[in-house]
Amino acid sequence: MKKILLLIFIMPILATSQNDSLYSIMAFELKKLIFESPYQAKNFTDTSLAYLNEISKKNTTSNNIDRSVYLEKRAEQLKKDIGVDFTSGYQQNINLDPSSDLEENISYSGRVQLGVEWDLLNNGLLENRVRSQMISDRVNREKLQYNIAVNGEQYIYRFDQTLILFNQFKLELLNQRLIQIKKQYKIIQDLVLLRKSSKEELIKVEMELTETESLINLYESYAEYMQIEPSSFDISSQTIPLIDLDYTRIFELVGLQSDSLENSSEFKPYFSWYHQMSLKPYLRYNYYDILQGPNRGYFAGGINLSIPLNFSTQLNNEVEYEKWQYDNAQFIRDQSKLQEDVLNSAYDFRHHLKSFIEHYQKRKLISEKLRIEKARLKISDKYVDPITILKLDDDMLLEDLNLIEDLQNLYLKALKIHSKLNEVAINEIVKSVTPNDFIQFIEKKDRSIYVWSSTFDNYTSDFLNEYIIYNEINHVIVSVNKYEKTEEKWKLMKLLKETNDLYFMLGDNKLFYNQNIGVYLAEVLENYPLISPTGIHLDIEPHTMPEWDEHKVKMQEDYLNLVKQAKIFCDKNELKLQISVPKHYNELIMNQLFDVVDEVYFMCYENVDTDFLIRKLKPYVDAHQDKVVIALRTEDFENRLAMENKVSELKERLGIIKFAYHDLSRMISLDKSGLR
């Protein structure tokens, strides 16, 4: 009996223990799913218009006939018709009685006439010139109307091409989502069976699966139905260029398109009074077959003049004027409709651009939430729910789908506007942009930070990486040498290369006396074989050495030579070169250093008075603005706010955005002190 009671108590404990063990396995699988295949958000940083240029030139195989071509040929035909005609005639008298015919004044049996006749006025040279001019005046209008019609047809073709391309991008995302959701579904299904997750969560995932599969089927069916080969141009969904319109240029072109015809089509009466008269000079050769006597031949010339009894010149011009007014009114109506279409398309474009920016900002918020959750998960926070992270990851993907949809609409609207303009390259009306170009209130930052080896004694690489990401630091300068390589430093470098520029920093002053710095740098790179840095940063400070005061000039020259040797190595290995220097080096040496390196970090330590720093740095900023970086250290400021205010002040006064913090460990300590 005791054994039975013991089993009754032990079995639930064993079952609970087993469930917890299985739950741990499921949680581990979820973590693997999160970190092994994280979703890579679209960056929209490409600024190429190559695809739009290509798609805007794609034509259908339509064989529409341009009426203006016919008119041009007809005008050319009339212009060449000068009204000269060849005339001929032959007459043969039959059954003649020579004696009687002579009495009846018929003296020949046959007659031949050959000649030329020239119509000068009506139906001749001058009227043909007028008719040719009338047709030529219609050509521009016909061309514009034809181009509008054909461009509309071409737009439909380009619309389909663009839709097929963006549907490919959507399918790429949806298939990626389908794989992830299926993995989630299996794990959550197991968790439901273990009573560690609710049935409601499983149903939500089922809904997402159904929705995703439906969209995939929709886009695949559309592609199959259209049977259009996608563009051969290589464009990646990872870096789809964002575009904006050049509104000023668009409305300028629309105005020119209307004004050009209106300005050139002022009506002038085509006909004058003499156009109704007929004036025909002629020249003929006559040959007679004489009945009794030798045959005769001779030339004759003259002029035929015909004058109508009732001139209708004014009425003829009024008829042409009414036709001209009708055609012009029709064209102006067409142009007004075109302007309205362009305005509506431009408005729609702006609406979709607004939607794009809203989704982009929403994605940034999701990204920050995701970063926080992943950071907590990395440090094994027991309150972290992996399903929440997966949901945020999925939300990121859905926002990218929204962004691609918005971008598709932007491309279609740009192509539609382009179809309304004649003989204009699309890059005349479209410009490439990045999302940050539309976020004017956000301060542009270019931040660097020094990381000394001692930092890794106190913090893990995961924590340091998250801190760097949170503070939006772009360039990380990590101290290295040819011997030491800690595991945490190596892990941080590996993480940094995914999101930041990584520089190897040489901070040992003994290297100032190294006779072959290139060899040493090669050994440093060999010490980190799996890491490819962006460049090398020299933080070698001869001004801190005891002999500086006595040999200042010589030591600066030696430093310049050291930097030149390092530059040779960097160029050979496709690395950038940066240096950290104080503010008091010789100006001549400094200008030579600027010519050698990619960036100069001025160590603005101790005296951080703004006027003092501006006086010292402004000459270099004016001459080498893109190469100047201002480095500040934390101990010169009471708190982080004071430090950032100094950055903002110097940025405004000097017009530069590149700043560096010394150093990562001190920055963390400064932030910690602000929490007390």
Subject >> Check: Tyr450/Ser580 side-chain N/O donor and acceptor closer than 3.5 Å >> reply: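 Side-chain D/A pair, Tyr450 to Ser580: present.
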Original post:
Using a distance-only test with no angle check, is there a side-chain donor-acceptor pair under 3.5 angstrom linking Asp400 and His359?
Top reply: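 Side-chain D/A pair, Asp400 to His359: absent.
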Assess whether atom [atom1] of [X] is packed by more than 12 heavy atoms of other residues, nucleotides or ligands within 6.0 Å.
{"X": "Phe612", "atom1": "CZ", "result": "yes"}
{"X": "Tyr470", "atom1": "OH", "result": "no"}
{"X": "Lys362", "atom1": "NZ", "result": "no"}

Under the salt bridge (charged side-chain N to carboxylate O under 4.0 Å, His left out) test, residues paired with [X] that sit two or more places apart:
{"X": "Asp571", "answer": "Lys567"}
{"X": "Glu220", "answer": "none"}
{"X": "Glu208", "answer": "none"}
{"X": "Asp244", "answer": "Arg350"}

Original post:
Which of parallel (below 30°), tilted (30 to 60°) and perpendicular (above 60°) describes Tyr360 and Phe356?
Top reply: parallel
**OP:** May I have the step-by-step check of side-chain contact (heavy atoms from CB on, under 4.5 Å) for Gln408 and Leu165, ending in yes or no?
**Re:** CA-CA 9 Å; Gln408 170 187 290; Leu165 174 75; over 6 Å; no
[X] (side chain) donor-acceptor with [Y] (main chain) under 3.5 angstrom:
{"X": "Ser419", "Y": "Lys416", "result": "yes"}
{"X": "Asn474", "Y": "Arg447", "result": "yes"}
{"X": "Thr534", "Y": "Leu502", "result": "yes"}
{"X": "Arg371", "Y": "Ile469", "result": "no"}
{"X": "His662", "Y": "Ile449", "result": "no"}

**OP:** Sequence neighbours left out, what passes ring pair (Phe, Tyr, Trp, His ring centres under 6.0 Å) with Tyr601? Give chain and number order.
**Re:** His537
Subject >> Contacts of Tyr467 that satisfy ring pair (Phe, Tyr, Trp, His ring centres under 6.0 Å) - sequence neighbours left out >> reply: none
In chain order, what residues pass the side chain to side chain contact (heavy atoms under 4.5 Å, CB included) check against [X], with sequence neighbours excluded?
{"X": "Thr610", "answer": "Ile614, Lys646, Glu649, Leu650, Arg653"}
{"X": "Glu644", "answer": "Arg640, Val647, Tyr661"}
{"X": "Ala623", "answer": "none"}
{"X": "Asn645", "answer": "Leu641"}

Identify every side-chain donor-acceptor pair in residues 624-632 under 3.5 Å, counting partners at least two apart or on other chains, and give the distances.
from   : atom 1 : to     : atom 2 : distance (Å)
Gln625 : NE2    : Gly655 : O      : 2.4
Lys627 : NZ     : Phe594 : O      : 2.7
Lys627 : NZ     : Val597 : O      : 3.0

Subject >> Residues that Glu599 engages under side-chain hydrogen bond (donor to acceptor under 3.5 Å, both in side chains), provided they are two or more places apart >> reply: Gln578, Lys658
Original post:
In terms of side-chain geometry, is the basic nitrogen of Lys391 or Asp395 positioned less than 4.0 Å from the acidic oxygen of its partner?
Top reply: yes
Original post:
Salt bridge check: are Glu368 and Lys364 linked by an N-O gap of less than 4.0 Å?
Top reply: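 No, this pair does not count.
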